[in-house]
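Below: the structure, in structure tokens.
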Amino acid sequence: MADLIEIKVPDVGNVENIDVVDVLVKPGDAVKLEQTLAILETDKASMDLPASAAGIVQELFIKAGDKVSEGTLIVTLLPTEAAPSSVAETEEASVAVAEQPATPAVVAAVETVPAAVEVKAEPVPANASGKAAHATPAVRLFARELGVDINKISTGSGRKGRILKDDVKKFVKKAMTEGTAPSGSGIPAMPSVDFSQFGATEEQKLSKIKRLTGQNLSRVWLNLPMVTYHDEADITEMEAFRVALNAEKSKDEVKVTGLVFIIKALVAAMEQFPQFNASLSADGEKLILKKYVNVGIAVDTPNGLVVPVLRDVNRKGVNELTAELAEKSGKARLGKLMPAEMQGGCITISSLGGIGGTAFTPIVNAPEVAILGVTRAKMQPVWDGKEFLPRLMLPLDLTYDHRVIDGVEGARFMAAIKQYLGDIRRLLL
Ligand code: CAO
């Protein structure tokens, strides 16, 4: 009998105690040169351990779960020349062959040992025996990134059921069409519907802004526990002042809108409640308080919603802010805003007041912690203790990240905004 060939773990670069994730051969298997015998995994990478010679596996010295280092004996092989000309001639080999599916290709493979290893086994369930899925770290990471529990993929198309990237992609595709795809939060995806079965349809590609906004809104919606608090501010005097101010302006001058006063009131309240001018650190452990006050304004454009940022608002007056708001919203509508003009916001205002509405629930523009929604002001009878008075009431909606802002803080913040809007002289204090 020819000498057995020992196959050991080669030099893998000073790494000890490498995990054996899977062993792909068993005694009696015919292996060819470079065939993967086992899969090893360090905390940084996964590697296939190739056969440095061809032959029939005589003895196996490792199993999944073992730890190996350079020089650890893996298998002994009977050299191919010394092996029986047909695997069927050895009991162990016939066991190995019996596991191959009976396709014409396999039948041909049984006739000669080297050819036998050319045959790819049919995919087998990767976790049929409750074992962890058989996949490399890269494939596991890929699955994790797509929110897929790799153990749910029952069949890998790689050797011995190893799960490949393509298997993960197929799993996602199947789940999407069946409407069962898990998102990162385990939420089933929306099923795809063929609307043409109900009538004529037309497809319109979403603008890039809409697609990006959509992604961001979904991320915020899933990550932030948000609360929206609604209230009304009495802006009767503020409006009278605004009208008087605009009456003084020449035809060419930009008119002051109520939004500028809302910006000023919001910023004054932020100075009073600094937790509203903050962001949560990515690990959720710290609050990053900002010493500057920049306000983002949601602007409706033909291409979708954009949020230009007005900088250092606390240092600017009503006229300067009026001019800046007109300039930035004009640029936004023409699609001419530079990326830097949309960055660095501390809080956002979403005003639908020019259109209508009584209340809505804006979504926080994270990593900011709050957003102020504004809808249409209207005259209302307000009871002053003695009589009903006609007052111009402005509906306000404050959505905040409840991880940072408590309900009481939200209510106090809103009360401060109302106070500033109710008597804008207080902005001077
Ligand atoms: N109540 C009553 N009237 C209001 C009002 C309110 N809350 N807000 C604005 N108006 C009035 C203005 O006074 C103006 O009236 P006149 O034409 O008589 O002067 C008119 O409505 C139009 O105002 P405007 O919208 O041009 O100006 P603005 O400063 O209030 O708003 C901007 C500027 C850029 C915010 C706005 O033009 C815009 O794009 N709004 C849409 C915002 C949006 O899409 N938000 C996203 C929602 S989803 O989160």
Side-chain angles (χ1 to χ4, degrees), residues 207 209-210 212-221 224 226 228 230-249 251 253-266 295-310 313 316 318-337 341-342 345 347-366 368 370-380 390-400 417-418 421-422 424:
S207 70
I209 292 180
K210 267 233 153 91
L212 292 176
T213 308
Q215 278 171 20
N216 192 39
L217 290 173
S218 306
R219 186 170 49 211
V220 174
W221 184 271
L224 267 64
M226 290 183 277
T228 306
H230 309 279
D231 208 338
E232 285 175 330
D234 185 336
I235 56 163
T236 317
E237 270 84 41
M238 183 202 95
E239 180 63 8
F241 179 61
R242 188 184 76 88
V243 170
L245 210 59
N246 282 341
E248 290 168 14
K249 288 189 183 277
K251 260 198 198 161
E253 279 179 290
V254 187
K255 300 277 185 291
V256 177
T257 68
L259 191 56
V260 174
F261 290 102
I262 298 170
I263 296 171
K264 288 299 289 178
L266 177 66
V295 177
I297 306 292
V299 177
D300 182 35
T301 79
N303 286 327
L305 192 66
V306 292
V307 185
V309 172
L310 308 180
V313 176
K316 292 175 180 165
V318 166
N319 284 334
E320 193 176 353
L321 285 172
T322 299
E324 207 176 321
L325 177 65
E327 185 223 328
K328 290 272 161 69
S329 56
K331 267 173 106 177
R333 291 196 178 99
L334 295 171
K336 293 206 165 136
L337 279 178
E341 292 176 288
M342 293 180 273
I347 199 163
T348 297
I349 297 179
S350 177
S351 170
L352 297 174
I355 306 162
T358 52
F360 73 117
T361 53
I363 298 176
V364 171
N365 190 10
E368 296 165 16
I371 182 166
L372 185 71
V374 183
T375 50
R376 194 161 193 83
K378 65 171 185 245
M379 274 297 181
Q380 284 180 36
R391 307 295 295 177
L392 186 63
M393 303 304 288
L394 176 73
L396 298 170
D397 317 285
L398 177 72
T399 302
Y400 51 86
I417 296 173
K418 278 175 58 177
L421 288 174
I424 53 169

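As the structure lists them, so they are numbered: ligands from 1, and atoms in each ligand from 1. We count residues from 1, following the sequence as given. This structure is a prediction, so every number in the text was calculated from the model and none was measured.
- If you look at Val260 next to ligand 1, there are no close heavy atoms at all, none under 4.0 Å.
- Rounding to the nearest 0.5 angstrom, the gap separating the CD1 atom in Ile424 from the CZ atom in Arg242 is 11.0 Å.
- Closer than 4.0 Å to atom 8 (N) of ligand 1 lies at least one heavy atom of the protein.
- At distances below 3.5 Å, at least one donor-acceptor pair connects side-chain atoms of Asn246 with backbone N or O atoms of Val256.
- For atom 39 (O) of ligand 1, the closest non-hydrogen atom on the protein side is Arg333 NH2, 2.9 Å.
- Using a 4.0 Å cut-off between heavy atoms, Ile363 makes no contact with ligand 1 at all.
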Test log, rule side chain to side chain contact (heavy atoms under 4.5 Å, CB included), inputs Val374 and Leu394: CA-CA 8 Å; Val374 183; Leu394 176 73; 3.6 Å; yes
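- Of the protein's non-hydrogen atoms, Ala377 N, 3.5 Å is the one closest to atom 2 (C) of ligand 1.
- Ser351 O, 3.3 Å is the protein heavy atom nearest to atom 40 (N) of ligand 1.
- Which of Val299, Val307, Leu259, Ile262 comes nearest to atom 35 (C) of ligand 1 through a heavy atom is settled by distance: it is Leu259.
- Residue contacts with ligand 1: Ile355 is placed with no nitrogen or oxygen under 3.5 Å of a nitrogen or oxygen of the ligand (distance criterion only).
- Using 4.0 Å as the threshold, Gly258 has no heavy atom nearer than that to any atom of ligand 1.
- Within 6.0 Å of the NZ atom in Lys210, the count of heavy atoms belonging to other residues, nucleotides or ligands does not exceed 12.
- Annotation: the span from Thr358 atom OG1 to Met393 atom CE amounts to 14.0 Å, rounded to 0.5 Å.
- Protein heavy atoms come within 4.0 Å of atom 31 (O) of ligand 1.
- Between His230 and Thr228 there is a side-chain heavy-atom pair separated by less than 4.5 Å.
- With values rounded to the nearest 0.5 angstrom, Ile297 atom CD1 is found 4.0 Å from Ile349 atom CD1.
- Distances between N or O atoms of Ser329 and those of ligand 1 include no value under 3.5 Å.
- The main-chain N or O of Leu310 is never found under 3.5 Å from a side-chain atom of Glu324 such that the two would form a donor-acceptor pair.
- For atom 16 (P) of ligand 1, no protein heavy-atom neighbour is present inside the 4.0 Å cut-off.
- Checked by atom type and distance alone, the side chain of Lys264 pairs as donor or acceptor with a backbone atom of Lys316 at under 3.5 Å.
- The option from Met393, Lys328, Arg242 that lies nearest to atom 13 (O) of ligand 1, judged by heavy atoms, is Arg242.
- Of the protein's heavy atoms, Gly354 CA, 4.2 Å lies nearest to atom 20 (C) of ligand 1.
- Interface of Val374 with ligand 1, defined as ligand atoms under 4.0 Å from a residue heavy atom, comprises 7 (N).
- Proximity to Asp300 (heavy-atom distance under 4.0 Å) selects the following atoms of ligand 1: 39 (O), 41 (C), 44 (O).
- Of the listed residues (Val318, Leu321, Thr322), just one forms a side-chain contact (heavy atoms from CB on, under 4.5 Å) with Phe261, and that residue is Val318.
- With a 4.0 Å cut-off on non-hydrogen atoms, Ile349 does not touch ligand 1 at all.
- Counting the atoms of ligand 1 from 1 in the order shown, those under 4.0 Å from a heavy atom of Leu394 are 7 (N).
- Shown here, atom 37 (O) of ligand 1 is in close reach of the protein: a heavy atom of it lies under 4.0 Å off.
- Nearest protein heavy-atom contact of atom 4 (C) of ligand 1 is Gly353 O, 3.4 Å.
- Of the possible donor and acceptor atoms, none in the side chain of Arg333 sits under 3.5 Å from a partner among the backbone N and O of Thr301.
- Under the salt bridge (Lys or Arg N to Asp or Glu O under 4.0 Å) test applied with Arg391, the options Glu239, Glu237, Glu232 reduce to a single match, Glu237.
- For ligand 1, the atoms lying closer than 4.0 Å to a non-hydrogen atom of Thr375 are 6 (C), 7 (N).
- In terms of protein heavy atoms, atom 28 (P) of ligand 1 is closest to Thr257 OG1, 3.9 Å.
- Here the straight-line distance linking atom CG of Leu421 with atom CG of Leu392 works out to 11.0 Å at 0.5 Å rounding.
- Ranking protein heavy atoms by distance to atom 45 (N) of ligand 1, first place goes to Ser350 OG, 3.3 Å.
- Atoms CG and CG, from Leu266 and Leu259 in turn, are 10.0 Å apart once rounded to the nearest 0.5 Å.
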